[in-house]
Amino acid sequence: MTKPVRVRFAPSPTGPLHIGGVRTALFNYLFAKKHKGTFVLRIEDTDQNRYVEGAEDYIIEALNWCNIPFDEGPNKNEKFGPYRQSERKHLYKQYADELISKGHAYYAFDTSEALDFHRKDHEANGKTFIYNWHNREKGRLVNSLILTAEETQAKIDAGEDYVIRFKSPQDEILHLKDIIRGDIKIDTNVLDDKVLFKSDGMPTYHLANIVDDHLMEISHVIRGEEWLPSLALHYQLYTAFGWNAPEFAHLPLILKPTGKGKLSKRDGDKLGFPVFPLEWADPKSGDISRGYKEDGYFPEAMINFLAFLGWNPGTEQELFDLESLINAFGLNKVNKSGARFDPDKTKWFNHHYMQEQHNTDLALAYKNSRAELSEIDTQYIEMVIGLIKERATFVSDFWELSHFFFTTPLSYDEKASKKALKEGTEDILNKVKTLVDSVDDFTVENLQNTIKSWITSNEIGFGKVMMPLRLALVGALQGPDVFDIIYMIGKTETLKRIDGLIATI
């Protein structure tokens, strides 16, 4: 690559960041870091009617939580700032004027009512209304292509609403390139003359996007598939300005778990999984939308599963930390077809990253999540987590897996009781009490040797002893090794729990 790699993630602050947007940010970040380049955040807030308070802060917080922070952006290394389009609006009019002066754009004064009339008139005749070469100079539309310069200026001076439209060419075939999709051919006769600038002084996405990418020296535009229909216009704008276009790559859609249609918030609500990285409180309605962070996912897990939504390393490897993702990533390994979102796979990734977390960090998170643990020694909680986390996917799973380390059973599972309590169980439990009480060096190994030796020497079935013992300790037939539980809760509590079960027999 001859020039420095500079990529940008350019979300609109119109609400929370969908995981599709996070995936786009991630692929930009990976590509930039792979090529020792720069990852830019630009806030595209030209549509002030849809601006939502707090959305920009949410976007930045989400990127930071995912460990994919931007190198340049609002209030950070503002080499090409400002990075909010609303603060750059003074730039765009001159570029719109330049296109008009070069004959690549024109003023259009058609009212919304007039355009609506033309659409309905075309529909009534089984046609689709397109504002372009076939009707822009026929007299039914009002624009500077049919007005004199004086008439055009008079309308502007009179304060009439106008837009500036791109003048798409007639009878041309555009040959476009996309890194992921290859060569693309477009017939310009089917393109409409897109609006670039409005009389309120604000550009549309198309003009602002191109101008900003050029001024910020963006080398590669990596964005979602939904922008593919805009590729022809964007290429033409670069040509019209006489600028070198960046390389384009359009990422595949993230599909519903069924594989049909684009993933939406409604799918998450229906099937019980988040579609946003962080929890979002709608400032208008007050509605709360779930986030991966608050649902207990680790950022490493989220990044790992997002990377596989559209990208494949070409090997059997599925587990990648961020550094290994950077080393393995390439746009040549991104698929064209949509990527099906699998909620169960996201949990699989989280389970893996659960095992890699430090028990100290997990203990603090667990302690903070349960009032019952506020007075419990953190080191003890760490030891408990070491025994149970291999069966956990989320921190929220810990209580179900470990409550018996902290609280004495008050009841016993009915089905487990029928299975574990037989004739002679009371005598067995009384003997186990004696054995536990006799162990002075109270270690897991000594407890295990003492009780197992007694079982073997008396030719008793292990189940006849271990099942009621587990039931006494846990209240159910679940949990880690019985001798680990006895060691953790201690001799006094163990004897108390065995007595508790005996009292029910």
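For clarity, every value in this text was computed on a predicted model and none was experimentally measured. The chain is numbered in sequence order, starting from 1.
The backbone N or O of Leu41 sits nowhere less than 3.5 Å from a side-chain atom of Arg8 that would complete a donor-acceptor pair. Ser457 places a side-chain N or O within 3.5 Å of a backbone atom of Trp454 that can act as its donor or acceptor partner. Not one N or O on the side chain of Arg290 forms a donor-acceptor pair closer than 3.5 Å with the backbone of Asp295. The backbone N or O of Pro82 lies less than 3.5 Å from a partner atom in the side chain of Arg88, making a donor-acceptor pair. Asp213 places no side-chain N or O within 3.5 Å of a backbone atom of Ile210 that could act as its donor or acceptor partner. Remark: side-chain polar atoms of Asn64 are paired, donor with acceptor, to backbone N or O of Ile60 under 3.5 angstrom. Listed for the Tyr412 side chain is a donor-acceptor partner under 3.5 Å among the backbone atoms of Leu501. One N or O on the side chain of Asn430 and one on the backbone of Glu426 form a donor-acceptor pair closer than 3.5 Å. In this structure, Ser219 contributes its side chain and Arg6 its backbone to a donor-acceptor pair below 3.5 Å. In terms of modelled atom types and a separation under 3.5 Å, the side chain of Asn327 and the main chain of Glu323 share a donor-acceptor contact.
Under the side chain to side chain donor-acceptor pair (under 3.5 Å) test applied with Asp71, the options Lys33, Lys76, Lys79 reduce to a single match, Lys33. When Trp311, Tyr353, Phe349 are each tested for a ring-ring contact (aromatic ring centres under 6.0 Å, His included) with Phe320, only one passes: Trp311.
Outside the 6.0 Å centre-distance limit, the rings of Phe70 and Tyr83 are not counted as a close aromatic pair. Two rings, from Tyr297 and Phe394, have their centers less than 6.0 Å apart.
Residue Glu87 places its CD atom among more than 12 non-hydrogen atoms of other residues, nucleotides or ligands, all under 6.0 Å distant. Residue Asn458 qualifies as enclosed at atom CG: its count of foreign heavy atoms under 6.0 Å is above 12. Other residues, nucleotides and ligands contribute only 12 or fewer heavy atoms inside 6.0 Å of the CD atom of Glu445. Counting non-hydrogen atoms of neighbouring residues, nucleotides and ligands closer than 6.0 angstrom, the NZ atom of Lys491 exceeds 12 such neighbours. Under a cut-off of 6.0 angstrom, the local environment of NZ in Lys464 is sparse, with at most 12 non-hydrogen atoms contributed by other residues, nucleotides or ligands. For NZ of Lys34, the number of neighbouring non-hydrogen atoms (other residues, nucleotides, ligands) closer than 6.0 Å is greater than 12. Counted within 6.0 Å of CD on Gln355, heavy atoms from surrounding residues, nucleotides or ligands total more than 12; the atom is thus considered enclosed. Surrounding NZ of Lys194 are at most 12 heavy atoms belonging to other residues, nucleotides or ligands under 6.0 Å away.
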* **From CA spacing to verdict: side chain to side chain contact (heavy atoms under 4.5 Å, CB included), Leu362, Met354** => CA-CA 9 Å; Leu362 292 174; Met354 168 71 78; 3.8 Å; yes

* Asked: Could you walk me through whether Glu225 and Lys262 pass the salt bridge (charged side-chain N to carboxylate O under 4.0 Å, His left out) check?
  -> CA-CA 11 Å; Glu225 181 180 304; Lys262 186 178 178 181; over 6 Å; no

* Check step by step if side chain to side chain contact (heavy atoms under 4.5 Å, CB included) holds for Met302 and Trp65. => CA-CA 10 Å; Met302 184 171 177; Trp65 177 71; 3.5 Å; yes

* **Worked check of side chain to side chain contact (heavy atoms under 4.5 Å, CB included) between Thr346 and Phe273** => CA-CA 10 Å; Thr346 66; Phe273 61 85; over 6 Å; no

* **Steps toward side chain to side chain contact (heavy atoms under 4.5 Å, CB included) verdict (Cys66, Leu26)** => CA-CA 9 Å; Cys66 292; Leu26 172 63; over 6 Å; no

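Under the 4.5 Å side-chain criterion, counting only non-hydrogen atoms from C-beta, Lys336 is in contact with Ile180. Between Ile179 and His220, the closest side-chain pair of non-hydrogen atoms falls below 4.5 Å. Residues Ile303 and Leu325 meet the side-chain proximity criterion, which asks for heavy atoms closer than 4.5 Å. Two residues are said to be in side-chain contact when any heavy atoms from C-beta on lie closer than 4.5 Å; Asn312 and Lys333 fail this criterion. Annotation: side chain of Gln478 is not in contact with side chain of Leu401 (no heavy-atom distance under 4.5 Å). Side-chain contact between Gln85 and Tyr92: present, with at least one pair of heavy atoms (C-beta onward) separated by less than 4.5 Å.
Checked against ring-ring contact (aromatic ring centres under 6.0 Å, His included), Tyr238 has no partners two or more places apart in sequence or in another chain. For Pro16, the side chain to side chain contact (heavy atoms under 4.5 Å, CB included) partners two or more places apart in sequence, or in a different chain, are Tyr58, Phe276, Trp280. For Ser453, there are no side chain to side chain contact (heavy atoms under 4.5 Å, CB included) partners two or more places apart in sequence or in a different chain. With sequence neighbours excluded, no residue forms a ring-ring contact (aromatic ring centres under 6.0 Å, His included) with Phe9. Checked against ring-ring contact (aromatic ring centres under 6.0 Å, His included), Phe462 has no partners two or more places apart in sequence or in another chain. Applying the ring-ring contact (aromatic ring centres under 6.0 Å, His included) criterion to Tyr235, with sequence neighbours excluded, gives Phe248.
Residue Leu473 holds its CG atom at 4.5 Å from CG of Leu469, rounded to the nearest 0.5 Å.
A side-chain donor-acceptor contact under 3.5 Å links Tyr366 and Ser402. Side chains of Asp437 and Thr434: no donor on one and acceptor on the other come within 3.5 Å.
Phe305 and Phe341 have perpendicular rings, their planes meeting at more than 60° on a 0 to 90° scale where under 30° would count as parallel.
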